[in-house]
Amino acid sequence: MPPEIDLAPADALRNDGEMRAYPATPDTEVLLVRRQGQYQALAARCPHYGAPLEKGRIINDQLVCPWHHACFRVDDGHLCQPPALDDLPTYPVRVADGRIWVTLPAHPAAAADSPDATPTALVGGTPPAPDRTATDERTFVIVGAGAAGQFAAQTLRAEGFGGRIVLVGADPAAPYDRTKLSKAFLAGKADKKALPLRQAKFYEQHRIELLTDTRATGLDLQQRQLQLAGRTPLTYDKLLLAPGSRPNTLPQLPGHDLGGVLLLRTVQDAAAIREAAADAEHVVIIGSSFIGMEAAASLAAENEAQGKKRQITVVARDKEPFAKVLGPEIGAMFRHLHTSHGVQFEAEAEVQALEGENGRITAVRLASGRRLPADVVVLGVGVQPATEFLAEAFKLEKDGGLRVDAHLQAAEHVYAAGDVALFPQAAGPGRHRIEHWRLAQQHGACAARNMLGQKEAFSEVPFFWTQQFGKSLRYAGHATDYDEIIFQGQIDKQDFLALYVQQNRLVAAAGMGRDDDMLVIMELLRRNRMPTPAAARGEIEWAELL
């Protein structure tokens, strides 16, 4: 039995809902929470990226991470919402002799960003391994081993599914954290070992058949068969389509196939960019998308860390990055942030051709006639759903999306999740196709439960984040069109809220330096209780609205 640790005085926390992190050992902190007059002890760091949970908030008996909004049930650490993949460890706690005593396991779980972290638990707790003699003979197939597909597979097991699960991925690698590619990985702060979402033994232990480097080529809805390149077709009882997106390649652009013209979607792409850019003097990024801007920030940060003089230039059609999504004011703030770190911009520019010598890129020629020297070109000009193999089985949307109902069902026995799913948004009007990592995971969980017959309507609020030069912006809700942006705070100081108004309703918000406010706003959006635009133009204490 591990010894108890004297953590804090018995009156350390006086109010319900109060929480504070305390050092328990030289390597471990414990989050102490007071609820209903009792103490509870949990791990102090989020198992996703290691955020300090004492800066989060307790909402509806759930502890919400301040960074990326993973949610855990306070009483037992049960994972309720991604992007974390595992439950939050909890520890026995008792009060005696005027002190709070906590018992830690011999080897507390490693922090999420530690190289020693090897998560093996399933969301909702680790169920016993499925009984190999069970009578469930069904086969559930998941196309796409990304955020939605991986989370769906583990949700199926957590919900007790004992049949066969086949996870089909076109990528040669097992499911990995794609959000790190344009950030920590490209900046040289993370290597390939830090990318996998799960270790290989996880899939073995939970009998998830992982087919990597396997491309789906067609679907027969009547026969319930999925065609695969170079493999025998898979017959399914239920099918989840979550193939994700593929990057646009600009095939009409002269010189698009030159050596050194690279995409950023897979770990192989990111590794190729790192290698090509290592000794480059001029890197040009075409497109001011989130991927493009994050790539620029990561390469520029590597410049500063290693003393490189490599020139990084972003070529963009728009005057300001993110202007359509976040507004020109926030776009201008990001542009100034980049230029302060040495990134150059060619705004409102059109690329006319890519020029090269001996088969390799040497310059980017703009319609203005200006030539930008380039040793490496990164294309960040958007993505489109990877749904070509579904063209005969479904009537796809013009952008390649696949229409689903509120339960994420596309056809009998078939569901869709993630980037490809055009779904009815519960918190706003119309159908939307949204390319967010966390939302894809939430789609995967909902679709998995519906594959098991639970008939759960998808009702989560979209949320995404971007980090550039150590500055994080978080965005909640969804506003493809908006009539007005109401600002609170100072944009140029990266300390603000931007509230997006559509048809006299606040439908989305973006924030920097306002993590607690964003936690509250997420919940208000979920409850459909956002204040009126008129109220938002005045002073608001967001925490008081819950």
Side-chain angles (χ1 to χ4, degrees), residues 71 79-83 85 123-124 138-161 163 165-169 175 208 216 219 221 224 226 236-245 383-387 389-391 393-397 399-464 477-478 480 525-526:
C71 300
L79 175 64
C80 301
Q81 293 291 340
L85 300 179
V123 54
R138 292 177 295 172
T139 296
F140 285 8
V141 175
I142 302 170
V143 179
Q150 185 279 332
F151 208 74
Q154 73 169 48
T155 301
L156 287 172
R157 285 294 184 237
E159 294 288 335
F161 178 61
I165 299 175
V166 186
L167 182 57
V168 180
I208 298 170
L219 175 63
L221 293 173
R224 295 195 208 173
L226 178 73
Y236 61 85
D237 292 281
K238 300 288 184 182
L239 174 67
L240 175 59
L241 299 169
S245 297
V383 297
Q384 54 186 299
T387 52
F389 71 101
L390 299 174
F394 291 99
K395 182 180 179 181
L396 300 174
E397 301 296 310
D399 67 351
L402 179 59
R403 182 177 290 256
V404 298
D405 64 14
H407 301 94
L408 304 180
Q409 189 164 6
E412 188 178 11
H413 310 297
V414 180
Y415 297 79
D419 292 6
V420 306
L422 182 72
F423 69 100
Q425 186 182 342
R431 292 174 179 268
H432 302 277
R433 194 178 61 76
I434 300 176
E435 299 162 357
H436 300 345
W437 181 263
R438 181 177 186 262
L439 187 81
Q441 292 176 304
Q442 292 171 315
H443 270 184
C446 179
R449 289 190 283 268
N450 289 331
M451 291 165 76
L452 294 170
Q454 296 187 24
K455 297 183 179 180
E456 173 186 309
F458 185 77
S459 60
E460 303 301 334
V461 175
F463 172 82
F464 77 85
H478 188 64
T480 51
L525 286 168
R526 192 186 69 81

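The analysis underlying the following values was restricted to heavy atoms, covering all of them including side chains, and did not include hydrogens, waters or symmetry mates. Quick caveat, the model's predicted, so the values are computed rather than measured.
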Indicate the atoms forming the closest heavy-atom contact of [X] with [Y], along with that distance.
{"X": "Asn450", "Y": "Tyr415", "answer": "O-OH, 3.3 Å"}
{"X": "Gly401", "Y": "Pro385", "answer": "N-CG, 3.8 Å"}
{"X": "Ile142", "Y": "Gly149", "answer": "CG2-CA, 3.6 Å"}
{"X": "Ala145", "Y": "Gly169", "answer": "CB-CA, 3.9 Å"}
{"X": "Leu167", "Y": "Gly144", "answer": "CD1-O, 3.4 Å"}
{"X": "Ala440", "Y": "Ala147", "answer": "CB-CB, 3.9 Å"}

*asked:* Go through it in stages, so that I can follow the logic: the residues are Phe458 and Val404, the test is side-chain contact (heavy atoms from CB on, under 4.5 Å), and I'd like the CA-CA distance, side-chain angles, deciding distance and then a yes or no.
replied: CA-CA 11 Å; Phe458 185 77; Val404 298; over 6 Å; no

Could you tell me the separation between the [atom1] atom of [X] and the [atom2] atom of [Y], rounded to the nearest 0.5 Å?
{"X": "Gln154", "Y": "Ile208", "atom1": "CD", "atom2": "CD1", "result": "7.5 Å"}
{"X": "His407", "Y": "Glu456", "atom1": "NE2", "atom2": "CD", "result": "8.5 Å"}
{"X": "Met451", "Y": "Gln409", "atom1": "CE", "atom2": "CD", "result": "10.5 Å"}
{"X": "Gln442", "Y": "Ile434", "atom1": "CD", "atom2": "CD1", "result": "10.5 Å"}
{"X": "Lys238", "Y": "Ile165", "atom1": "NZ", "atom2": "CD1", "result": "14.5 Å"}
{"X": "Asp399", "Y": "Gln384", "atom1": "CG", "atom2": "CD", "result": "8.5 Å"}

Any heavy-atom pair between the side chains of [Y] and [X] that's under 4.5 Å?
{"X": "Leu408", "Y": "His443", "value": "yes"}
{"X": "Leu402", "Y": "Leu396", "value": "yes"}
{"X": "Thr155", "Y": "Phe161", "value": "no"}
{"X": "Leu221", "Y": "Phe394", "value": "yes"}
{"X": "Leu452", "Y": "Phe140", "value": "yes"}
{"X": "Leu219", "Y": "Leu239", "value": "yes"}
{"X": "Gln454", "Y": "Glu159", "value": "yes"}
{"X": "Gln441", "Y": "Leu85", "value": "yes"}

- Query: Checking side-chain contact (heavy atoms from CB on, under 4.5 Å) for the pair Leu390/Val420: CA distance, chi angles, key distance, verdict?
  - Reply: CA-CA 11 Å; Leu390 299 174; Val420 306; over 6 Å; no

Begin with the C-alpha distance, continue with both residues' side-chain angles, and end with the deciding distance and a verdict on side-chain contact (heavy atoms from CB on, under 4.5 Å) for Val143 and Tyr236.
-> CA-CA 11 Å; Val143 179; Tyr236 61 85; over 6 Å; no

- [ ] Kindly say whether Gly400 contributes a backbone atom to a donor-acceptor pair with the side chain of Thr387 at under 3.5 angstrom?
- [x]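 Judged by distance alone, yes, a pair lies under 3.5 Å.
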
Results of side chain to side chain donor-acceptor pair (under 3.5 Å) for Arg138 - residues two or more places apart only: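 For Arg138, the residues satisfying side chain to side chain donor-acceptor pair (under 3.5 Å) (neighbours in sequence not counted) are Asp136.
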
Ring centres under 6.0 Å, that's the criterion: do Phe463 and His436 meet it?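 Between Phe463 and His436, the centre distance exceeds or equals 6.0 Å.
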
(Q) One pair to check against side-chain contact (heavy atoms from CB on, under 4.5 Å): Gln81 and Arg438. What are the steps and the verdict? (A) CA-CA 9 Å; Gln81 293 291 340; Arg438 181 177 186 262; 3.7 Å; yes

